[in-house]
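What follows is a short report on a single structure.
Indexing begins at 1, ligand by ligand and atom by atom, following the structure's order. When reading the values below, keep in mind they use all heavy atoms of this one structure, side chains included, and skip hydrogens, waters and symmetry mates.
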Amino acid sequence: MNPAVVAPSLLAANHGAFAQGVRTVEEAGLSWLHVDIMDGHFVPNISFGPQVVADLRPLTKLHFDVHLMLTHPDRYIEAFAKAGAERLTVHVEADHDVAQTIAAIKAHGLTAGIAMNPDADPRRVLPYLDSVDLVLCMTVFPGFGGQSFIPSVLDSIRFIAAERSQRGADFRLEVDGGINVETGRRCREAGADTLVAGTAFFKAPDRKAFVNALTA
Ligand code: DX5
Ligand code: ZN
């Protein structure tokens, strides 16, 4: 079992002060930053692009866990690699050759993840499990922070966790959307080890206590 990682989502930080958001994550003692990239097409919202990643890169050693909510993620791999991302996760539902995109991400020296929406049949990601370092089970429909956790995804998490142990694989199993102490605990019980938290992290009165509770 991988050690638990909490990855705060930059989407929930003040967009006029991303550098401060990065410091807030560092001050909580964390090492990952989840970076949500939205194109207004794959999802009904626009967030920010590779320039934000590039400008934050010299400010921090945080691991940039970049979640691409893009119709054509394959067109942006080079831009995010150059910007300093370490990890790129792409959706199985997007319009691309998934295997080719994963290969291209790895060819750029980055780690690759595969994401699926809450209503996806988890069997859709089976062909990619041997070539990724992370599987992201979305626990809300992507597009916006602050939504409510969708409990039916717990079945998909259990399914992927069972596949992982059956294969003796060690990819990370990430959850994203509506994660708080209670929903995070349920995801971890189901086999998730990587917890994205946007609203609950940035709004927590005591962020270190929040992280400790999530990883306990
Ligand atoms: C949703 C994004 C999430 C989002 C999570 O499309 O992928 O990463 O920022 O935010 P919360 O934790 O507020 O649900
Ligand atoms: Zn995300």
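For the residue pair D65/H63, the side-chain donor-acceptor check at 3.5 Å is not satisfied. Judged purely by distance below 3.5 Å, without hydrogens or angles, the side chains of T101 and D74 never pair a donor atom with an acceptor atom.
A side-chain donor-acceptor contact under 3.5 Å links D193 to the backbone of L173.
The protein residues lying under 4.0 angstrom from ligand 1, judged by non-hydrogen atoms, are S9, L11, H34, D36, M38, H67, M69, M138, P142, G143, F144, G145, G146, D176, G177, G178, V196, A197, G198, T199.
For E182 and R185, the salt-bridge test passes: some basic side-chain N is under 4.0 Å from an acidic carboxylate O. Using a cutoff of 4.0 Å between basic side-chain nitrogens and carboxylate oxygens, E86 and K61 are not scored as salt-bridged. Of the charged side-chain nitrogens involved, at least one lies within less than 4.0 Å of a carboxylate oxygen, so that K82 and E78 count as a salt-bridged pair.
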Inset, instruction - For F80 and F64, run ring pair (Phe, Tyr, Trp, His ring centres under 6.0 Å): C-alpha distance rounded to whole Å, both residues' side-chain angles, the deciding distance at 0.1 Å, then the answer. - result: CA-CA 10 Å; F80 283 100; F64 286 168; over 10 Å; no
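Taking 4.5 Å as the limit, some side-chain heavy atom of V53 sits within range of a side-chain heavy atom of V35.
Around the Zn ion (ligand 2), protein N, O or S atoms at less than 2.8 Å comprise H34 NE2, D36 OD1, H67 ND1, D176 OD2.
For CZ of R123, the number of neighbouring non-hydrogen atoms (other residues, nucleotides, ligands) closer than 6.0 Å is 12 at most.
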